[in-house]
Amino acid sequence: LPPPACTHPSRATPAAQLVPELYGTLEVALCIALHRRAHPSGEERSSARSLVMLSFGNSAIKGHLLNFCHHANRTGVAYVIGAVDKAAYALLSSQRTPVYKTPLAHEQYKLDGANSPSSSSWKRFASMRTGEVARLVALGFDVLHSDLDVVWLRDPTPYLTCSLAARSDEF
């Protein structure tokens, strides 16, 4: 099946129009995220390119995942979570979070507990993240890759895109 039309930043397809077989893919997560951003309160937001915040997590850090999503939802920023395991995907999709199964989730990958950049499991995780960011960039998005332990209090898009709104004292 071809990816949904909304993988391009200028299109946002309502989730109800998506092909069920594609659920769990990056394309569907993007459609959900872009639709929310385009219609936060019934009004269209305009931007030449779309900024998408991207983060990754597994079920072992459930609290971080839920906290990140809570704050990202409050900002109105378009964001997507890459689930590193199927349990994280199930948790976040049940809450209608824009989430997808990363390549590692399909492999039943598990971090070995070593946070050292020299561990083989950490290297695989870091490589996967870089590849997923590159995938979004290739689709035409500007990407803000954020760790899950960051709390976003407002949408960083105006600042990162150098819009007129970013010239206020707030930024």
Side-chain angles (χ1 to χ4, degrees), residues 1-9 11-40 50-115 119-139 141 143-153 155-156:
L1 294 171
C6 65
T7 55
H8 187 276
R11 299 191 274 289
T13 303
Q17 296 176 11
L18 299 174
V19 179
E21 292 81 25
L22 293 176
Y23 280 93
T25 65
L26 174 60
E27 291 78 11
V28 169
L30 283 169
C31 289
I32 294 166
L34 293 174
H35 183 72
R36 283 184 182 175
R37 173 125 175 117
H39 304 90
S50 289
L51 176 82
V52 175
M53 189 174 347
L54 178 64
S55 196
F56 301 93
N58 64 13
S59 57
I61 54 171
K62 175 183 175 180
H64 282 86
L65 282 167
L66 296 174
N67 188 58
F68 182 90
C69 294
H70 169 76
H71 284 89
N73 283 329
R74 290 184 64 182
T75 68
V77 68
Y79 75 96
V80 173
I81 303 293
V84 181
D85 61 24
K86 291 179 182 176
Y89 174 78
L91 169 71
L92 295 178
S93 63
S94 72
Q95 297 189 7
R96 300 183 179 193
T97 299
V99 61
Y100 74 102
K101 296 174 194 166
T102 65
L104 294 178
H106 292 288
E107 299 173 19
Q108 271 123 39
Y109 164 87
K110 294 207 186 294
L111 268 168
D112 63 12
N115 288 331
S119 78
S120 63
S121 70
W122 183 257
K123 287 178 182 177
R124 285 189 65 218
F125 177 63
S127 176
M128 181 276 303
R129 291 186 311 180
T130 303
E132 294 301 287
V133 169
R135 237 172 98 188
L136 276 171
V137 170
L139 289 171
F141 293 92
V143 180
L144 172 60
H145 179 222
S146 177
D147 284 341
L148 287 173
D149 59 357
V150 174
V151 173
W152 291 94
L153 300 177
D155 183 350

A33 versus A78, closest heavy-atom pair with distance: O-CB, 4.0 Å
The test is side chain to side chain contact (heavy atoms under 4.5 Å, CB included); show your working for L34 and S50 and say whether it passes. CA-CA 8 Å; L34 293 174; S50 289; 4.0 Å; yes
Check S94 against L91 and note the closest heavy-atom contact, atom names and distance. OG-O, 2.7 Å
Let me check something: any side-chain donor-acceptor pairs from residues 125-136 under 3.5 Å, sequence neighbours excluded? List them with distances.
| from | atom 1 | to | atom 2 | distance (Å) |
| --- | --- | --- | --- | --- |
| T130 | OG1 | A126 | O | 3.0 |
| E132 | OE1 | Y100 | OH | 2.7 |
| E132 | OE1 | R135 | NH1 | 3.0 |
| E132 | OE2 | R135 | NH1 | 3.3 |

By side-chain contact (heavy atoms from CB on, under 4.5 Å) - contacts of A87 (at least two apart): S59, D85
Residues at least two apart in sequence or cross-chain that pass side chain to side chain donor-acceptor pair (under 3.5 Å) with S55, listed by chain then number, are none
What are the two closest heavy atoms between T75 and L153, and how far apart are they? CG2-C, 3.7 Å
Residue pair R74, W152: steps toward the side chain to side chain contact (heavy atoms under 4.5 Å, CB included) verdict: CA-CA 9 Å; R74 290 184 64 182; W152 291 94; over 6 Å; no
With Y89 via ring-ring contact (aromatic ring centres under 6.0 Å, His included) - residues at least two apart: none
Under 3.5 Å: donor-acceptor pair, side chain of T97, backbone of V99: no
On a heavy-atom basis, which atom in K86 and which in A105 lie closest, and how many Å separate them? CE-O, 3.6 Å
Nearest-0.5 Å distance, CG of residue N58 to CG of residue L148: 9.0 Å
Going through the checks in order, is the side chain to side chain contact (heavy atoms under 4.5 Å, CB included) test met by L30 and V80? CA-CA 7 Å; L30 283 169; V80 173; 4.0 Å; yes
Could you tell me which residues satisfy side chain to side chain donor-acceptor pair (under 3.5 Å) with E107, sequence neighbours excluded, listed by chain and number? R124
Verify side chain to side chain contact (heavy atoms under 4.5 Å, CB included) between F56 and T102, making sure each step is shown before the conclusion. CA-CA 9 Å; F56 301 93; T102 65; 3.8 Å; yes
Distance-only donor-acceptor hits, side chain of residues 61-70, under 3.5 Å, sequence neighbours excluded:
| from | atom 1 | to | atom 2 | distance (Å) |
| --- | --- | --- | --- | --- |
| N67 | OD1 | H71 | ND1 | 3.4 |

Taking atom CD1 of I81 and atom OG of S93, what is their separation to the nearest 0.5 Å? 12.5 Å
